[in-house]
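Here the structure comes first, spelled out in structure tokens, and everything after it is commentary.
Proteins get letters first, then strands, A, B, ... in listed order; numbering begins at 1 in each. Just so you know, these numbers come straight off a predicted model, no measurement behind them.
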Amino acid sequence: MSRAKLTPLMRLSDLTVQYPTRRGTVDAVCDVALDLIPGRVLSVIGESGSGKSTVLLAIAGLLPLRAQVSGKLALAGRTDNLLTDLSAQADIAGRTVGMIFQNPGASLNPVLTVGDLIDEVVQVHRGLPKTAVREETLSLLSRVGIGDARARAAAYPHQLSGGLKQRIAIAAALAGKPRLILADEPTTALDATVQAQILDLLLDLVDKEGLGLVFVTHDIGVAGSISDEIAVMYAGRVVEHGIARDVTTTPTHPHTAALAAGALPLDLSAAQSNLPSSTLTARSQSDNDGQSCRRSTSNPQSHPILLKESAQFPVLQGVDDRLQADANMTGLVLRGITRIFSTGARRTVAVDGVDLTVRAGKTVALVGESGSGKTTLARIAVGLDQPDFGTVTLNGRPLTDARGRMDRTIRAKLQMVFQDPLASFTPHRSIGASIEVPLRIQSNLPARARRERVLELLNSVGLDKSHAVRSPAALSGGQLQRAAIARALATDPELLICDEPVASLDVSVRAQVLDLLAELQRDRGLGILFVSHDLGVVQWIADRTMVLYLGRVVEEGQGKGLWQVARHPYTRSLAAANPSATVPWRKRPVDELARGEAAGPFAIPSGCRFHPRCRAAVPRCKEVDPSLKTLEPDHCVACLRAGELSAIG
Amino acid sequence: MTRLTFMTGLFGAVILLSLLLLALFAPQIAPGDPLQMVGRPLLTPFTDSRFPLGTTQLGRDVWAGLVHGARVSLTVGATAAAAVIGVGILVGTLSGFLGGFVDNILMRITEAVQSIPAFLLALALVSVMGASTTSVVIAIALSSWPPSARLVRAEVLRVRTLDYVDAARVVGRSPLAIAFLEVLPSALQPVVALIGITVCEAILVESALAFLGLSDPNLQSWGLMVASGRATLRVAPLLVILPGLAIALASLSVSVVGDALAAWLGERRMI
């Protein structure tokens, strides 16, 4: 390492950011000091409101003018104080410091083509002649891993996928040849496999070009895996700062420990040995109910969607036959579910012939990236949406009548917990009143008894009387999700459908909510359909896991062990893309990662729908659409090469 | 709420409150019929203590006319606006929530009504129904509801995709209860902002109709006073200016109070 590299690229000291409000000044950030040398990655982690983004914006000089900033910032050998000197800030923006935001869709100008957009940035910072500008733009695009740069440069942002947009945003950030990249949750809005690709790109830039990277994230897994150093923020202060490995493995501050414990890493090596919580032990003792995979009846060659003119639907036929056998089955049973959305002439097959069973006391997890159809399936399971083909039954009874209406007794047995707890409560009603609504509809209790029941329900999820009278906006995310669970329990349901119930929560409360769900399941024998994109969470809670890709189940198996024995290249790609705090990103197996991004449910490829992204694809995969086949007891895979591909590790 | 919104709102509230008090206690403040000829015609204001604002060319008391005119303007303004918003909420909620066929029919009707200039429609309706306060209110309501219906519909369309509407469906609420108990209250905030503008417009339309002689001839109103003062505009301009000022103050105060109220409610997240 040369001497030049050892001089710090960024030296931030005593950063304090205050906001004046009517009730006095509020400290957003207090006494933060951070250093970074070139070619290194510094992650700033913390929960929402910890001040991590404020630190980043202060370095970039992007704080609102009313913010009172004090402290010292030296960047790339400049001596003037960049925190307070506005003209100096304008001077470094884009040239010394490049910034990447969380939502690439919102940070790219929608009326400019990608090429024009980057041209503009290049022109502002570099003053090149016009012909040279486009050359530079194209080279920037290929630098961020965009193949066919010339064609992409002519596209508008809305024509590109989320991952590509983030690459474009990175290219724009690199246009002024900055030495330091500031990234504010740049992969949070992306799917797991795409997140992995973007992390690869960023680390590549750091390693090859010696840039410094400050990476703000809430995900200790990502931080631990990619960074050299980690600063943990809590309530506006850095509470722990050190080498990444030390911070994640031997945290000294209790908040760091809480973050690490709540992260629920996907553990591929040691099956269940070091997963947290006592509930897990209780569950692993309960026997596996030995249900084998349901083989999808939808034969791809004769599928109704592919045979547009076909008047008879083979799927329905097959389902009717089997329904007889399932009639005495308990639990929620979905058979041959297909859901097609039509907008104009375009037909989007969101879910394509999925079979699914949730029994009392068991948790079935649906895993997949955006566009996989997991939320559509959950909505169908709870009766919020009707399938175009296939049947949904609860304890052998159809969920809805022919007109899509739902019987009151069935309605009460199926309840749902939503992703965003704040959005799931009516804003003008108090929490208690919201929980009372289902009681008023589903029971004949008098008013007094209803109010007592509301308090009982709140107690059962660890809340009390004081929460009942408050409005939804006055509760924290975790408290709200507990209240949402209490509301779901009001009708004494047999099954809970949970759509990403912890995705919007901070990690420290995430584990509490999962624990609560597991506890309620044990006490009440609830069946749970758990939709999630987070493999760590799924591994922790699921008895059975189903992996969805573009509306199809591609792999199905045991909840906890599936990731170790995964055969489908997509499942393995998901597992490989999952960052773990203790495994350095640069050392993980790269060849498992899927290429590109899913085209979305409106452009499903022929043959195996995963083949364009698959690293194990053979020519046959383009033509033959594989069906779900039982590989071993309790493990099914829809892959032509399932037999040849060995399990992970 | 910014300081400016607060100050203008406060200013509007003071004016509106004084107008309301004048209207409420009109018989006590200016006893008798304001259409009665009580003094010498065209008395200059501030010359006779019995008629502080002078008299019209027919010898009517201008002060009494303004006070009693406030009654007519504010009553018509408030009732017409209530009717406009009521029709708007009903049509907008049904249209937005039910969607499909019902939405199509209701929106085509809305557009049809909107394609006729509101004032012309009101004019035509009053001409047919006869000049009375009730027919003026009905005419304003029937001609001015489309904007509020469209606003409510747009808000309902936004709110009905939120999770708590699904949450209400999952616990088994009936569609009608969801539309009016879950969706509508959250869709009302922009409607509150619309109340001010609607009352303001109703006051203006009422004045304009009265100016054209299409109001109850037995009630003194501001529009009527402007109309009759027109003949003596050059010798006694105040006969037009004073009622005109009253119309401007009333509509302005209602409008700014409505804005401030909407801003305040929006901040408190009460709706």
CZ (Arg3(B)) with more than 12 external heavy atoms under 6.0 Å |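 No, CZ of Arg3(B) has 12 or fewer neighbouring heavy atoms, counting only those of other groups under 6.0 Å.
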Any chance CG of Asn444(A) has more than 12 other-residue heavy atoms, nucleotides or ligands included, within less than 6.0 Å?
->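 At most 12 heavy atoms, drawn from other residues, nucleotides or ligands, come within 6.0 Å of this atom.
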What distance do [X] atom [atom1] and [Y] atom [atom2] have between them, rounded to the nearest 0.5 Å?
X: Arg169(B); Y: Met416(A); atom1: CZ; atom2: CE; value: 10.5 Å
X: Leu181(B); Y: His428(A); atom1: CG; atom2: NE2; value: 7.5 Å
X: Leu384(A); Y: Asp166(B); atom1: CG; atom2: CG; value: 4.5 Å

Select, from Val437(A), Asp420(A), Ile497(A), the one with the greatest count of heavy-atom pairs under 4.5 Å involving chain B.
->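 Ranked by contacts with chain B, first place is Val437(A).
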Within-4.5 Å side-chain heavy-atom neighbours: Ile441(A) and Arg173(B) |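 A side-chain contact under 4.5 Å exists here.
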Residue part contacting chain B, namely of [X], when any heavy atom lies under 4.5 Å:
X: Gln415(A); value: both
X: Leu414(A); value: backbone
X: Thr491(A); value: neither

Check Ser186(B) against Pro427(A) and note the closest heavy-atom contact, atom names and distance.
->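 In this case the closest contact between Ser186(B) and Pro427(A) is OG-CG, 3.7 Å.
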Taking all atoms of both residues into account, what is the closest heavy-atom pair of Arg487(A) and Ala167(B), and its distance?
->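 Closest approach of Arg487(A) to Ala167(B), heavy atoms only: NH2-CB, 3.5 Å.
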Give a yes or no on whether the backbone of Val171(B) and the side-chain of Arg411(A) come within a donor-acceptor separation of less than 3.5 Å.
->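 Not at all, since once roles are kept as given, no pair shorter than 3.5 Å links the two residues.
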Neighbours of chain A found in residues 135-161 of chain B - heavy atoms under 4.5 Å |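 Under the 4.5 Å heavy-atom cut-off, nothing qualifies.
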Which residues in residues 5-18 of chain B have a heavy atom less than 4.5 Å from any heavy atom of chain A?
->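 The list, in residue order, is empty: none.
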